[in-house]
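What follows is one structure encoded as structure tokens, with my remarks underneath.
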Amino acid sequence: MPHTFQQSGAGQLADAAGAGLSLLFQAGTRPGAQDVARLIESSHAAGLLARVSHMPEPEEGWLELLASGLTFDMRGLAPARPAPVTAPGYKFGFEDKDGTDGVFEAVELLPSGHIAAGGRLQPVLRTMMGLAADLALNLPVAGVAWGPAQTLMEPRYFSRMVLSWLSGGAFPALGLTALVRGTDGSIASQGLAHFTGQEMQIEGRAGENPADTVKLAIRVVDHLVRQGRIAEPLRIGTGPGALLLEPSQVGKLVLVWREAL
């Protein structure tokens with residue numbers, strides 16, 4: 001359905017390649033640094049395995065959190081100006097009346113200090129996503145925006161998918177990446193390169209149900225996140241259902257072909 005997406009306050013778009021997650025709040029409901037500190041210190045916030053490692057004057061609108069030995073900044077906390085946020089191109093987990101109309105204010109969570117340069121490393125990304133999932137369950141978050149994939153996720157959907165992934169489940173391909181269908185029936189990822197250094201594109205097949213192509217793409221994305229960047233061709237599966245993965249000679253792309261029937 002038609003919708004608008006507006007940002008209150010900052011009036012600018014964040015870099016879509018940025019390493020941070022944006023927690024979106026209805027205007028006027030953004031927490032302050034002290035609110036976040038109280039939440040983390042509260043025994044009612046079971047599962048928030050973090051602590052405040054630095055908090056300047058609350059008016060500065062940010063604090064530093066320590067989780068699993070890694071530091072992350074929360075920026076755009078009240079009463080400071082909200083963080084900039086990328087207008088999303090893809091939405092996941094919202095019902096028909098998706099709740100994304102209106103004016104939102106963003107608080108950004110991103111790697112800080114000595115780990116900022118390693119923001120794409122798996123341990124950093126996994127810890128940040130887990131921390132964001134816990135925060136989204138304990139704060140009045142209206143949506144979670146992820147810049148590298150230009151996605152917006154319903155907070156419970158985001159938390160459920162991320163916590164399942166961190167417990168050994170499938171990577172949240174529909175959210176931490178976007179899967180974009182081409183006119184030829186192929187499906188290409190958007191945002192996968194943030195995790196692996198490569199995007200992927202899987203060929204379509206005449207007569208195939210589009211949902212089945214998406215399922216295959218999700219399977220490939222999960223495999224590539226577990227595998228990491230590939231430099232040589234490889235096969236997933238055996239027999240007529242096997243998939244052949246080949247790194248492209250041009251650009252950071254993995255081409256995915258079907259085993260010939």
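Throughout, numbering of the chain's residues begins at 1 and tracks the sequence.
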Rounded distance (nearest 0.5 Å) linking atom CG of Leu216 with atom CG of Leu243:
5.5 Å
Just how far is it from atom CD of Glu199 to atom CD of Gln190, taken to the nearest 0.5 Å?
7.0 Å
Can you sort out the partners of Arg156 under side-chain hydrogen bond (donor to acceptor under 3.5 Å, both in side chains), two or more places apart, ordered by chain and number?
Glu154
Of all heavy-atom pairs between Ala67 and Leu131, which one has the smallest distance, and what is that distance?
CB-CD2, 4.5 Å
Can you name the residues that form a side-chain hydrogen bond (donor to acceptor under 3.5 Å, both in side chains) with Arg38, not counting sequence neighbours?
Asp35
Using the rule that Ile, Leu, Val, Met, Phe, Trp and Tyr join whenever any side-chain heavy atoms are under 4.5 Å apart, tell me whether Leu121 and Leu66 fall into a single cluster.
no
Listed by chain and number, what are the side-chain hydrogen bond (donor to acceptor under 3.5 Å, both in side chains) partners of Gln198, not counting sequence neighbours?
none
Please round to the nearest 0.5 Å and tell me the distance separating atom CD1 of Ile230 and atom NE2 of His223.
7.5 Å
Give the C-alpha distance, both sets of side-chain angles, the deciding distance and a yes or no for side-chain contact (heavy atoms from CB on, under 4.5 Å) between Arg258 and Ile202.
CA-CA 8 Å; Arg258 318 294 184 94; Ile202 184 170; 4.2 Å; yes
Residues in ring-ring contact (aromatic ring centres under 6.0 Å, His included) contact with Phe171, at least two apart in sequence or another chain:
Trp165, Phe195
Taking only residues two or more places apart in sequence, or in another chain, which ones meet Ser164 in a side-chain contact (heavy atoms from CB on, under 4.5 Å)?
none
Sub-4.5 Å side-chain heavy-atom contact between Phe158 and Leu21
yes
Roughly how far, to the nearest 0.5 Å, is the CD atom of Gln201 from the CG atom of Asp184?
6.5 Å
Sequence neighbours excluded - salt bridge (Lys or Arg N to Asp or Glu O under 4.0 Å) pairs with any residue from residues 58-73
Asp73-Arg75
If the condition is salt bridge (Lys or Arg N to Asp or Glu O under 4.0 Å), which residues does Arg226 pass it with, not counting sequence neighbours?
Asp222
Under the side-chain contact (heavy atoms from CB on, under 4.5 Å) rule, what do Val254 and Leu192 come out as? Steps first, then yes or no, please.
CA-CA 11 Å; Val254 174; Leu192 177 60; over 6 Å; no
Taking the side chain as C-beta and beyond, is there a heavy-atom pair between Thr177 and Val225 under 4.5 Å?
no
Looking at every heavy atom in both Leu63 and Ala33, which two are closest together, and how far apart are they?
CD2-O, 3.3 Å
Indicate yes or no: at least one non-hydrogen side-chain atom of Val144 is less than 4.5 angstrom from one of Leu152.
no
With heavy-atom distances below 4.5 Å as the criterion, would you say the side chains of Ser53 and Leu65 are in contact?
no
Please lay out, stage by stage, how Leu179 and Ser189 fare under the test side-chain contact (heavy atoms from CB on, under 4.5 Å).
CA-CA 5 Å; Leu179 298 176; Ser189 67; 4.2 Å; yes
If you compare all heavy atoms of Gly76 against all heavy atoms of Val107, which two are closest, and at what distance to 0.1 Å?
O-CG2, 3.6 Å
Distance check, rounded to the nearest 0.5 Å: Ser159 atom OG versus Leu135 atom CG?
9.0 Å
Salt bridge (Lys or Arg N to Asp or Glu O under 4.0 Å) partners of Arg51, counting only residues at least two apart
none
Quick check: do Met55 and Leu77 have side-chain heavy atoms less than 4.5 Å from each other?
no
So which heavy atom on Gly175 is nearest to which on Ala149, and how close?
O-CB, 4.4 Å
Arg30 side-chain N/O to Phe25 backbone N/O, donor-acceptor pair under 3.5 Å:
no
Do the rings of His194 and Trp146 sit parallel, tilted or perpendicular, given the 30° and 60° boundaries?
perpendicular
Can you confirm whether Leu176 sits close enough to Met129 that some side-chain heavy atom of one is under 4.5 Å from a side-chain heavy atom of the other?
yes
Are Trp62 and Val52 grouped together when hydrophobic residues (ILVMFWY) are joined by side-chain heavy atoms under 4.5 angstrom apart?
no
Is any side-chain heavy atom of Pro111 closer than 4.5 Å to one of Met128?
yes
Is Arg181 reaching over with its side chain to a backbone N or O of Pro210, donor-acceptor style, under 3.5 angstrom?
yes
Spacing of OG belonging to Ser186 relative to CD belonging to Glu203, to within rounding of 0.5 Å
9.0 Å
Could you list the residues that satisfy side-chain hydrogen bond (donor to acceptor under 3.5 Å, both in side chains) with Thr213, not counting sequence neighbours?
Glu208
Quick one: which residue pairs count as a ring-ring contact (aromatic ring centres under 6.0 Å, His included) with a foot in residues 66-92, not counting sequence neighbours?
none
Looking at side-chain heavy atoms only, is the closest gap between Ile236 and Leu234 below 4.5 Å?
yes
Which atom names give the shortest non-hydrogen contact between Ile115 and Thr71, and what distance separates them?
CD1-O, 3.0 Å
Could you work out the complete set of other residues in the hydrophobic cluster of Leu137, with links drawn between I, L, V, M, F, W and Y side chains under 4.5 Å apart?
Leu163
Residues pairing under salt bridge (Lys or Arg N to Asp or Glu O under 4.0 Å) where one sits in residues 232-249, two or more places apart or in two chains, turn out to be Arg235-Glu259
Where do Ala80 and Gly61 come nearest, in terms of heavy atoms and distance?
CB-CA, 3.6 Å
